Amino acid sequence: MKLKSEYYLNEDVVALAKDLLGKVLYTKIGDEITAGIIVETEAYFGVKDKASHAYGGRRTNRTETMYAKGGIAYVYLCYGMHHLFNIVTAAENEPHAVLIRGIEPLVGIDIIEARRKMPVTKGAIAAGPGSAAKALGIDKGFNAKHLEGNEIWVEDHKIRYGDDEIAASPRVGIAYAQEHALLPWRFFVKGNKYVSKPNKG
DNA sequence: GAGACGATCAGCT
DNA sequence: GCTGATCGTCTCT
């Protein structure tokens, strides 16, 4: 059920980003357990990806988390108010990561609604990376936490989407990455309410 | 020590 | 469609 650590060591971060669709992301904060089905992701291809914080081998205090062995969380604050959650993948010193951009609420709906102050019937409750992280209560405190622990983990519920149910498109919000901005490394479930706005399928 | 800006969101028009 | 909110991180001095 819970994904094993080897799962995250896959060197093909683009394939992994697609494979993570349908997996279930859990968090446990105090006694509150919440979870959602991953319905939108983006791949960040380590040192060769201009959109990645680790492009060109940049190592800073912040990006150090991405250089660790796959299977931990990379969380950082964006625009001063949104926590973005990534899954670090591949071997140590290969700073690949998958950004979780949308989840479909599955467990602890009432808790999620309270955190987001809106009903689960609104897709915006967990569409987009900032919203998805907040729905699950993820903040900077989750940075570098192992995904095999008891605070945050991913399960395989045998949910499978066919290729005709999955769409690939360019990633969002990375125009500065020049030619890499057009790579189709964003994956999402077509027509799902909890997928963020741009190019909705 | 200061300045610029970002893997965004929600609310209003 | 437009725009304000809001602060950690990085770069340069």
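The chains referred to below are lettered A, B, ... by the order of the sequence lines, with proteins before strands, and numbering in each begins at 1. Model, not experiment: these values are computed from the prediction. For the numbers below, each heavy atom of this structure counts, side chains included, while hydrogens, waters and symmetry mates do not.
- The aromatic ring of Tyr44(A) is stacked on the base of dA7(B), with the two ring centres less than 5.5 Å apart and the planes inclined by under 30°.
- Base pairing of dG8(C): its partner is dC5(B), meeting the Watson-Crick or G-U wobble criterion (both donor-acceptor distances under 3.5 Å).
- Arg171(A) places its CZ atom 16 Å from the P atom of dG6(B), with the value rounded to the nearest Å.
- Regarding contacts with the backbone of dT8(B), a side-chain N or O of Arg101(A) is found under 4.0 angstrom from either OP1 or OP2.
- One atom, CD1 of Ile87(A), and another, C1' of dA7(B), lie 15 Å apart when rounded to the nearest Å.
- Within the 6.0 Å centre-distance limit, the rings of Tyr76(A) and His53(A) are counted as a close aromatic pair.
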(request) Step by step, work out the side chain to side chain donor-acceptor pair (under 3.5 Å) result for Arg116(A) and Ser131(A). (result) CA-CA 8 Å; Arg116(A) 298 284 294 124; Ser131(A) 301; 3.3 Å; yes
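- The CG-C1' distance, from Leu84(A) to dG6(B), rounds to 10 Å in whole Å.
- Counting non-hydrogen atoms under 4.0 angstrom, Leu99(A) reaches a base of the nucleic acid.
- The distance between atom CZ of Phe85(A) and atom P of dT8(B), rounded to the nearest whole Å, is 16 Å.
- Here dC10(C) is the nucleotide among dC9(B), dA7(B), dC10(C) with the atom lying nearest to any side-chain atom of Asn61(A).
- Taking atom CE of Met66(A) as the reference point, atom P of dT9(C) lies 14 Å away to the nearest angstrom.
- Contact between the side-chain N/O atoms of Tyr176(A) and the OP1/OP2 oxygens of dA7(B) is found at a separation under 4.0 Å.
- With dA5(C), dC10(C), dT8(B) as the candidates, the nucleotide lying closest to the side chain of Met81(A) is dA5(C).
- Checked against the 6.0 Å centroid threshold, His96(A) and Tyr44(A) do not count as a close aromatic pair.
- Residue Ser131(A) places at least one side-chain N or O under 4.0 Å from the OP1 or OP2 atom of dC9(B).
- If you take NZ of Lys50(A) and P of dG6(B), they are 16 Å apart, rounded to a whole angstrom.
- No chain of hydrophobic side-chain contacts below 4.5 Å, direct or via other Ile, Leu, Val, Met, Phe, Trp or Tyr residues, connects Tyr74(A) to Leu147(A).
- Atom P of nucleotide dA10(B) and atom NE2 of His82(A) are separated by 7 Å, given to the nearest angstrom.
- Inspection of the Arg115(A) and Thr34(A) side chains reveals an N or O donor paired with an N or O acceptor under 3.5 Å.
- Atom pair Asn143(A):CG and dA7(B):C1' shows a separation of 15 Å (rounding to whole Å applied).
- In this structure, Lys140(A) and Tyr79(A) both approach DNA chain C, and ranking their closest nucleotides by distance from the 5' end singles out Tyr79(A).
- Listed nucleotides: dA10(B), dT8(B), dG8(C). Nearest to the side chain of Met118(A): dA10(B).
- Nearer to the 5' terminus of DNA chain B, by closest-nucleotide assignment, is the contact made by Ile174(A) (compared with the other of Ile174(A) and Ile125(A)).
- Of the side-chain N and O atoms in Arg62(A), none sit less than 4.0 angstrom from OP1 or OP2 of dG8(C).
- With salt bridges taken as basic N to acidic carboxylate O contacts below 4.0 Å, one links Glu40(A) and Arg101(A).
- Proximity of Arg116(A) to the phosphate of dA10(B): a side-chain N or O atom is located under 4.0 Å from OP1 or OP2.
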